[in-house]
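To start, the structure under review is shown below, and the notes come after it.
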Amino acid sequence: MRIVNDIAVALATYLEEDTSDVVMNLASPPRPEMGDVAFPCFRLAKRFRKSPHDIANNLKKHFEADECSDTVELLTKIDRIETAGGYLNFFIRRDFLAQSIMRESIESGGRPGKSCEGEGKTVIVEYSSPNIAKPFHVGHGFSTFLGEAIANLYEYAGYKVERFNHLGDYGTQFGKLIVAWKLWGDIDALEASPIDELTRIYVKFHDVAETKPELEDEARAAFGRLEQGGKEETTLWQRFRDVSLREFNRIYERVGIHFDNTNGESFYSPLIAAVVDELEKKNLLVESDGAHVVNLEEFDLNPCLILKSDGSTIYASRDIASIFYRRREYNFDRNIYVVGIPQKNHFNQVFAVVEKMGFPNPESNVHVAFGTVKFADGAFSTRTGNVIILEDLLDTSVAKTRAIIETNNPTMEPSEIDGIAEKIGVGAVRYTFLRNGRERDIVFSWDDVLDFEGDSAPYLLYTVTRCVSLERKAPESLLERADNISDGELGLLVSDEEQELLKEISRFPHSVLSAREAHEPSVIMRQIMAIARSFNTFYHNAQILRAENEALGAARLVLAQAVGRTISAGLRIAGIEPVEKM
RNA sequence: GGGCAUAUAGCUCAGUUGGAUAGAGCAACAGCCUUCUAAGCUGUCGGUCGUAGGUUCGAGUCCUACUAUGCUCGCCA
């Protein structure tokens, strides 16, 4: 809020400090009855050789006696100033607070906290990145939903975003699949349910390889032939890839995610030779135990393996090649990898290698790491079939949502229920991946994901429907008055609960900024949750459409509209589409 | 063994650049639907912030050591 800055300017003058330093020190008191803006005076005690309490009192006197026109103007917006311990607490006039927050909200419309900082800049966000021929489980859901939210955040700030899906479509595992397919593949099963069939033979491969380790050698050989362009291997690989993509695309379509680039590892593989040349030219490649590595002691990292001892490539070399490719083709300002924490070391190495190769702005490559989804007794494992398929989770969540709607809203048309249940059910799942700090592991629990009360997407969506419903039911005259609301009417929002709600709304734009800077959508989720809780308390205690008088009713309706707009904006950044009824 | 994380209420988690009495949700218990949607609201219960030191006017937050857990450390991705 501007007034916070105005207060800082005045304080900075008295203290002969930079305004920005004072702004840094201004804080929100822990409880509303202590004021709206607080200035702690403790750190000034040494300089003035006085107690913080006395300094606060002196500042208060300065403030109230100041005849500078700006300060006089400022004081008309301040109800009173109090000192408490070493704190100087400002109480902003409630009517002014309501006006200024609501005007700002109305002006920002449906995109509060938007910005144009990214104008003309390009950001690549790589996320989802499932492995071909393997089930799309809830672990991939984490990367998919987190990555989409981060991509949305950059778009919200005006960046041009390129969504990359770095498909895991290469490597020794495909040798295994080719060998397994030739031994046990069932063409009809592949057509009917591709991932299930590929998983079946993949699991069987590992079972049998326990007793017949020579299968592993056959698999390496098969991948070798694939890399050399062997006809039979390439045909099979292409087929596995196609059927897998069909399944993945069904999921992406369902959750409304569309990638701009789906080049997988196979795409980058042919580009590695040039990287190796470059490394050799710069004398960075060192032979070690028959393999070729880049030493990274100066980064306090272990050597990065570039070529295996048999001369074939490895994932680090593919990632390095991809960075140069992306630089060349997209000239990105930032290149973001939404990939799990276990690959932290890998990305540190990859980024260090490109830096050593003279990559400009190496810090533009960022690994946005996230935690592991696992069961209480350990991690997911495709090999043992111990996973939760994302689609199954979505289906279960949607089914539960539908059952609740049918109970609560028996008159709703079945066709309408379908659409709404899908949005809420999918939204509930997405929210569970975005509500907490991304680096936390998630221990999967059906009860937890399917809990639609309290800290959940349905709670947020429910709050939005309340706001929308008010608008739907408001009489024409009230709506008209709300559309042309005056400052005087907005100034009626002075109750404790209205003021609390206003302050929560005013914090939303900053949460968007913090979320983007930290690549942490959870910051926004928490803020809209705070708005929702605050609104529901207000809604429960105050009459809106039947307020004591029409002026107050109109002001409250405008407040509810702001709540709906702001929560919806936050949900959309998270990829969750609001509904009007539920 | 080296490196990187994490440790806050019974459970899942927040906690701004160090600031006032550490907060939510879930669970448990007690209430609130003839009133704008009860997927809601109100209240109660619940804490040596892993341990021990240190820095500071002030530490959940910063520093050091230790403990526990997880991940990672060249020929998988």
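Throughout, a chain's letter reflects where its sequence line sits, starting with A, and its residues are numbered from 1.
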Inset, instruction - For A:Met529, report the nucleic acid contact type (base, sugar-phosphate, nothing); a contact means any heavy atom under 4.0 Å. - result: nothing

Inset, instruction - Mind checking A:Ala38 for me? I need base, sugar-phosphate or nothing, with any heavy atom below 4.0 Å counting as a touch. - result: base

Legend entry - Aromatic ring proximity A:Phe223/A:Tyr170, centre distance under 6.0 Å: yes

Inset, instruction - Apply side-chain hydrogen bond (donor to acceptor under 3.5 Å, both in side chains) to the pair A:Ser322 and A:Glu126, showing each step before the final yes or no. - result: CA-CA 11 Å; A:Ser322 89; A:Glu126 175 190 308; 5.4 Å; no

Inset, instruction - Quick one: label A:Asp169 by what it contacts on the DNA or RNA (base, sugar-phosphate, nothing), any heavy atom closer than 4.0 Å. - result: nothing

Inset, instruction - May I ask you to say what A:Lys581 touches in the nucleic acid, namely base, sugar-phosphate or nothing, with a heavy-atom cut-off under 4.0 Å? - result: base

Inset, instruction - Taking the six-membered ring for Trp and the full ring for Phe, Tyr or His, determine whether the centres of A:Tyr268 and A:His166 are under 6.0 Å apart. - result: yes

Legend entry - Phosphate contact (B:rA14 OP1 or OP2) by A:Arg440 side-chain N/O below 4.0 Å: yes

Legend entry - Distance-only donor-acceptor test (3.5 Å): side chain A:Arg546, base B:rU35: no

Inset, instruction - Take atom CZ of A:Arg435 and atom P of B:rG23, then tell me their distance rounded to the nearest Å. - result: 21 Å

Legend entry - Basic-acidic side-chain contact under 4.0 Å: A:Glu504, A:Arg533: no

Inset, instruction - Indicate, with a heavy-atom threshold strictly under 4.0 Å, whether A:Ala45 touches base, sugar-phosphate, or nothing. - result: nothing

Inset, instruction - Using atom CG of A:Leu285 as one end and atom P of B:rG74 as the other, report the distance to the nearest whole Å. - result: 17 Å

Inset, instruction - Round to the nearest Å and state the distance from A:Phe535 atom CZ to B:rC36 atom P. - result: 14 Å

Legend entry - Candidates B:rU21, B:rA20, B:rA5 - which lies nearest the side chain of A:Glu439: B:rA5

Legend entry - Separation of the C1' atoms in B:rA39 and B:rA5, to the nearest angstrom: 36 Å

Inset, instruction - Using a strict 4.0 Å threshold on nitrogen-to-oxygen distance, state whether A:Asp310 and A:Arg220 make a salt bridge. - result: no

Legend entry - Pairing of A:Arg47 and A:Glu17 as salt bridge, 4.0 angstrom limit: yes

Inset, instruction - Counting heavy atoms from C-beta on, name the nucleotide in B:rC36, B:rC4, B:rA20 closest to the side chain of A:Lys344. - result: B:rC4

Give me, pair by pair, the N or O atoms of the protein and of nucleotides 39-47 of chain B that are less than 3.5 Å apart, along with how far apart they are.
from, atom 1, to, atom 2, distance (Å)
B:rA39, OP2, A:Asn408, ND2, 3.0
B:rG40, OP1, A:Gly454, N, 3.0
B:rG40, O2', A:Arg466, NH1, 2.8
B:rG40, O2', A:Arg466, NH2, 3.3
B:rC41, OP1, A:Tyr459, OH, 2.6
B:rC41, O2', A:His540, ND1, 2.8
B:rU42, OP1, A:Thr537, OG1, 2.9

Inset, instruction - Could you measure between the two P atoms, the one in B:rG18 and the one in B:rA9, and give it in whole Å? - result: 24 Å

Legend entry - Sugar-phosphate only, base, or nothing, as touched by A:Pro52 at under 4.0 Å among non-hydrogen atoms: nothing

Inset, instruction - Going 5' to 3' through nucleotides 67-73 of chain B, assign each nucleotide B (protein heavy atom under 4.0 Å from a base atom), S (under 4.0 Å only from sugar-phosphate atoms) or - (no protein heavy atom that close). - result: ----SSS

Legend entry - Presence of A:Thr172 side-chain N/O under 4.0 Å of B:rC76 phosphate oxygens OP1/OP2: yes

Legend entry - Carboxylate-amine/guanidinium contact A:Glu265 A:Arg318, below 4.0 Å: yes

Legend entry - Spacing of the P atoms in B:rC26 and B:rU44 (rounded, Å): 15 Å

Legend entry - Gap between atoms CE and P, on A:Met525 and B:rU12 respectively (whole Å): 23 Å

Inset, instruction - Examine the side chains of A:Asp319 and A:Tyr337 and answer whether a donor and an acceptor come within less than 3.5 Å of each other. - result: no

Legend entry - Pairwise P distance for B:rC32 and B:rG70, with rounding to whole Å: 48 Å

Inset, instruction - For RNA chain B, just give me the dot-bracket, please: Watson-Crick or G-U, both distances below 3.5 Å, ( ) intra-strand, [ ] crossing earlier pairs, | paired with another strand, . unpaired. - result: (((((((..((((.....[...)))).(((((.......))))).....(((((..]....))))))))))))....

Legend entry - Selected nucleotide, minimal atom distance to A:Asp451 side chain, candidates B:rC75, B:rU35, B:rC26: B:rC26

Inset, instruction - Would you mind calling B:rG50 syn or anti? Take O4'-C1'-N9-C4 for purines or O4'-C1'-N1-C2 for pyrimidines, and syn is within 90° of 0. - result: anti

Legend entry - Gap between atoms CG and C1', on A:Leu545 and B:rC36 respectively (whole Å): 5 Å

Inset, instruction - Report the distance from atom CZ of A:Phe433 to atom C1' of B:rU12, rounded to the nearest whole Å. - result: 15 Å

Inset, instruction - State plainly whether the residues A:Lys60 and A:Glu82 are in salt-bridge range, i.e. N to O under 4.0 Å. - result: no

Legend entry - Rounded C1' spacing from B:rA20 to B:rG58 in Å: 11 Å

Legend entry - RNA chain B: 5'-proximal contact among A:Arg318 and A:Arg526 (nearest heavy atom): A:Arg526

Legend entry - Conformer about C1'-N of B:rC63 - syn within 90° of 0, anti elsewhere: anti

Inset, instruction - Check every strand shown and say whether A:Ser514 touches a base, only sugar-phosphate, or nothing at a heavy-atom separation below 4.0 Å. - result: nothing

Inset, instruction - Grab the CZ-C1' distance between A:Phe90 and B:rA20 for me, whole Å please. - result: 16 Å

Inset, instruction - Run the numbers on A:Asn89 and A:Thr83 for side-chain hydrogen bond (donor to acceptor under 3.5 Å, both in side chains), then give the verdict. - result: CA-CA 6 Å; A:Asn89 291 329; A:Thr83 58; over 6 Å; no

Inset, instruction - Classify the nucleic acid contact of A:Gly171 as base, sugar-phosphate or nothing, counting any heavy atom under 4.0 Å across all strands shown. - result: sugar-phosphate

Inset, instruction - Check whether the ring centres of A:Phe433 and A:Phe142 lie less than 6.0 Å apart, and answer yes or no. - result: yes

Legend entry - Length of the line joining A:Ile272:CD1 and B:rC75:P, which is rounded to integer Å: 17 Å

Inset, instruction - Taking atom P in both B:rC41 and B:rU56, compute the distance separating them and give it to the nearest angstrom. - result: 46 Å

Inset, instruction - Using a strict 4.0 Å threshold on nitrogen-to-oxygen distance, state whether A:Lys356 and A:Glu298 make a salt bridge. - result: yes

Inset, instruction - May I ask you to say what A:Gly290 touches in the nucleic acid, namely base, sugar-phosphate or nothing, with a heavy-atom cut-off under 4.0 Å? - result: nothing

Legend entry - 5′-ward residue of the pair A:Asp289/A:Ile442 relative to RNA chain B: A:Ile442

Legend entry - A:Phe136 ring center near A:Phe248 ring center (under 6.0 Å): yes

Legend entry - Inter-nucleotide P distance (B:rC13, B:rG31), Å rounded: 32 Å

Inset, instruction - Check the pair A:Tyr431, A:Asp455 against side-chain hydrogen bond (donor to acceptor under 3.5 Å, both in side chains), reporting the backbone distance first and the verdict last. - result: CA-CA 9 Å; A:Tyr431 183 79; A:Asp455 185 9; 2.6 Å; yes

Inset, instruction - Give a yes or no on whether the ring-centroid distance for A:Phe380 and A:Phe375 is below 6.0 angstrom. - result: yes

Legend entry - Integer angstrom distance from the C1' of B:rG47 to that of B:rC4: 29 Å

